[in-house]
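A short worksheet on the structure shown next.
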Amino acid sequence: MNARPMRQAIKGLLMCLMLVGLTGSTVLLVQAGSLIRVCASGCDYTSLVDAVAQAQPESTIFVDEGQYAGPVIIAKNLTIIGSDRNKVVIARGVVAAGPFKVTLRNLTLTGGLNGLQAQAPTGLPRPLSPAVSLEGVTITGNALNGIALFDYSIASLCDVLVTKNGLIVQGLPLGGGVALRGNAQIVIGSTLGGEACSQTVVRENGANGISALDKSAVTISPNTVIMKHTLSGLQLGGSARATVQGLVARENGCYGVAVEEDATATILSGRFESNAKAGLHVGGPASTLPGCVTQVDIQANATATVTGSVIAGNRLGILVGDLSKNLDEATVKLTTVNLISNGCDLLVDPVAKKDVTVTGTQWKPCS
């Protein structure tokens with residue numbers, strides 16, 4: 001059987017649901033819809049951009065080994081699956097636009113302004129934003145951010161590596177691992193349906209590992225590591241909110257986790273260690289520069305509830321307030337937090353209102 005009749009036979013089977021086996025142990029259930037194959041020769045398309053443009057909604061595109069030019073702009077329900085995450089490379093990134101469901105699996109995104117950018121279409125209402133699932137994806141070498149979510153976009157990350165994105169310009173880090181703005185949401189360590197998945201790592205990106213501002217939201221499940229960033233591992237500013245469980249944040253240049261401005265975080269069983277300034281920072285502005293300095297003073301009240309976590313080996317265990325500002329209020333509740341081998345454990349800025357409650361925790365004060 002030559003290539004064309006074989007592809008037609010496969011497409012017919014897909015109309016009735018079929019089980020498709022990929023390389024190794026990857027097994028996927030593909031529902032009714034079009035199956036498109038992209039490769040260097042002998043497939044439906046040699047260009048991934050063309051394949052996406054011509055695909056019908058709900059299609060699945062299988063991509064063989066190779067580098068494919070982008071940016072790939074997706075404005076329909078679509079699944080793109082690579083044969084090998086290390087050998088299927090999409091250059092110049094992927095842009096998901098509009099109220100669609102997009103799934104990316106087993107591939108690498110590199111060489112774009114942002115590796116993945118998700119947003120509402122220009123000129124249309126912001127709630128018309130996509131939901132993107134990333135599974136087995138590497139995002140590296142992008143100029144600004146590995147992932148940038150705008151408007152009401154939602155993304156989930158399972159077994160994702162986000163590393164070495166962003167730039168240093170005149171000594172200032174720009175971009176980072178993941179940036180959320182507007183009302184965007186990200187779920188790390190589980191799918192949007194709540195199923196657990198393997199480890200996701202955000203490491204060695206520009207300014208922050210994850211920066212969530214405005215009214216964005218972050219949900220982090222166990223098996224998530226954020227490490228080795230110029231500023232903070234997880235930074236929350238504006239009125240962002242986060243629910244964090246089992247996060248490891250370590251070796252960041254400022255803070256493991258920074259809850260700033262009017263942001264709110266609920267943290268359970270995290271581990272924040274070997275961060276240069278503090279494992280946890282609550283209060284102050286989010287406009288942090290290298291050296292962990294800030295240049296503005298705003299009226300805000302950050303809130304953090306921390307339970308059953310370990311904060312170890314940091315210069316400061318927990319810093320409440322900015323130490324150089326007059327308006328930064330903060331509310332902190334610590335329950336059964338293990339503070340181990342920090343330079344000192346808890347430093348509370350006496351300026352402006354700081355409401356700190358400590359239960360079941362032994363701590364060494366900072367003089």
For the student: nearest non-hydrogen atoms of Leu316 and Cys366, plus distance = CD2-SG, 3.8 Å

Single-linkage hydrophobic cluster Ile318~Val348, side-chain heavy atoms < 4.5 angstrom = yes

Those residues that, when tested against Arg126, pass salt bridge (charged side-chain N to carboxylate O under 4.0 Å, His left out) (two or more places apart) = Asp151

Go through the steps for Leu48 and Val63 under the test side-chain contact (heavy atoms from CB on, under 4.5 Å), then give the verdict.
-> CA-CA 8 Å; Leu48 181 57; Val63 186; 4.0 Å; yes

Report, as yes or no, whether the 6.0 Å neighbourhood of atom CZ on Arg315 holds more than 12 heavy atoms from other residues, nucleotides or ligands.
-> no

Test log, rule side-chain contact (heavy atoms from CB on, under 4.5 Å), inputs Phe62 and Leu35 = CA-CA 8 Å; Phe62 290 102; Leu35 171 65; 2.6 Å; yes

Would you mind reporting whether Gln245 and Ser221 have side-chain heavy atoms less than 4.5 Å apart?
-> no

Can you list the steps and then say if Arg85 with Thr138 is a side chain to side chain donor-acceptor pair (under 3.5 Å)?
-> CA-CA 7 Å; Arg85 72 185 290 172; Thr138 297; 3.1 Å; yes

Non-hydrogen side-chain atoms of Asn77 and Val102 separated by less than 4.5 Å = no

Check each of Leu161, Val160, Ile226, Asp159 against Val201 using the side-chain contact (heavy atoms from CB on, under 4.5 Å) test, and report the only one that passes.
-> Leu161

Leu109 and Asn142: which non-hydrogen atoms are nearest, and at how many Å?
-> O-ND2, 3.3 Å

Looking at Met227 and Asn252, what are the two nearest heavy atoms and their distance?
-> C-OD1, 3.5 Å

Does the side-chain contact (heavy atoms from CB on, under 4.5 Å) test come out yes or no for Leu347 and Val320, once each step is laid out?
-> CA-CA 6 Å; Leu347 178 58; Val320 181; over 6 Å; no

Kindly give the heavy-atom pair with the smallest separation between Ile267 and Val257, and that separation in Å.
-> CD1-CG1, 4.3 Å

Thr294 and Asp322: side chain donor to acceptor below 3.5 Å | yes

NZ/Lys354: more than 12 non-hydrogen atoms of other groups inside 6.0 Å = yes

May I ask you to check whether Gln117 and Gln119 show a side-chain donor-acceptor distance below 3.5 Å?
-> yes

Contact check, side chains of Leu236 and Val218, non-hydrogen atoms, under 4.5 Å = yes

Is Val88 reachable from Ile61 through a run of hydrophobic residues whose side-chain heavy atoms are each under 4.5 Å from the next?
-> yes

Salt bridge (charged side-chain N to carboxylate O under 4.0 Å, His left out) contacts in which one or both residues fall within residues 261-289, not counting sequence neighbours | Arg271-Glu273

Point-to-point distance, once rounded to the nearest 0.5 Å, from OG1 of Thr307 to CG of Leu268 = 6.0 Å

Taking atom NZ of Lys353 as the centre, report whether more than 12 heavy atoms of other residues, nucleotides or ligands fall under 6.0 Å from it.
-> no

Nearest 0.5 Å, what's the OG-OH distance between Ser47 and Tyr68?
-> 10.0 Å

Within-4.5 Å side-chain heavy-atom neighbours: Leu107 and Ile90 | yes

Could you give me the CA-CA distance, side-chain angles and deciding distance for Leu116 and Val132, then say whether side-chain contact (heavy atoms from CB on, under 4.5 Å) is met?
-> CA-CA 9 Å; Leu116 167 68; Val132 184; 3.9 Å; yes

Measure across Ala240 and Ala212 and return the closest heavy-atom pair with its distance rounded to 0.1 Å.
-> CB-O, 3.4 Å

Are Thr264 and Arg241 linked by a side-chain donor-acceptor pair shorter than 3.5 Å?
-> no

Between Leu78 and Leu149, is there a shared hydrophobic cluster once you connect ILVMFWY residues whose side-chain heavy atoms come closer than 4.5 Å?
-> yes

Indicate yes or no for a side-chain donor-acceptor contact from Ser309 to the backbone of Ser269 under 3.5 Å, with no hydrogens or angles considered.
-> yes

Interatomic spacing from CD1 in Ile186 to CD1 in Ile147 - rounded to 0.5 Å = 5.0 Å

Interatomic distance, Leu319 atom CG to Asp349 atom CG [nearest 0.5 angstrom] | 7.5 Å

Identified side chain to side chain donor-acceptor pair (under 3.5 Å) counterpart of Arg37 within the set Thr60, Asp44, Asp64 = Asp64

Are Ile311 and Val356 joined in one hydrophobic group, where the rule is that I, L, V, M, F, W and Y side chains link up if heavy atoms are under 4.5 Å apart?
-> yes

Partner of Asn205 by side chain to side chain donor-acceptor pair (under 3.5 Å), out of Lys228, Lys164, His229 = His229

Here the pair of heavy atoms bringing Val52 nearest to Ile74 is CG1-CG1, 4.0 Å

Kindly compute the distance separating CD (Gln235) from CG (Asn208), expressed to the nearest 0.5 Å.
-> 4.5 Å

Without swapping roles, check the side chain of Asn314 against the backbone of Asn275 for a donor-acceptor pair under 3.5 Å.
-> yes

Between Ser216 (side chain) and Ala184 (backbone), is there a donor-acceptor pair under 3.5 Å?
-> no

Sub-3.5 Å donor-acceptor pair from the side chain of Asp345 to the main-chain atoms of Ile340, do we have one?
-> no

pair Ile220-Thr243: side-chain heavy atoms closer than 4.5 Å | no

Student check: side-chain heavy atoms of Leu339 and Thr361 closer than 4.5 Å = yes

Step through the shown structure and confirm whether more than 12 heavy atoms of other residues, nucleotides or ligands are within 6.0 Å of NZ on Lys87.
-> no

Path from Val296 to Val293 over hydrophobic side-chain contacts below 4.5 Å | no

For Glu65 and Ser83, test the side chains for any donor-to-acceptor distance below 3.5 angstrom and give the result as yes or no.
-> no

Thr140 side-chain N/O to Thr163 backbone N/O, donor-acceptor pair under 3.5 Å | yes

Ser129 side chain to Tyr152 main-chain N or O, any donor-acceptor pair under 3.5 Å?
-> yes

Quick one: does Asn145's side chain get under 4.5 Å of Val178's, heavy atoms only?
-> no

Those residues that, when tested against Tyr255, pass ring-ring contact (aromatic ring centres under 6.0 Å, His included) (two or more places apart) | His281

Any side-chain heavy-atom pair from Asp297 and Asn326 closer than 4.5 angstrom?
-> yes

Find the distance between CG (Asn342) and CH2 (Trp363) and round it off to the nearest 0.5 Å.
-> 13.0 Å

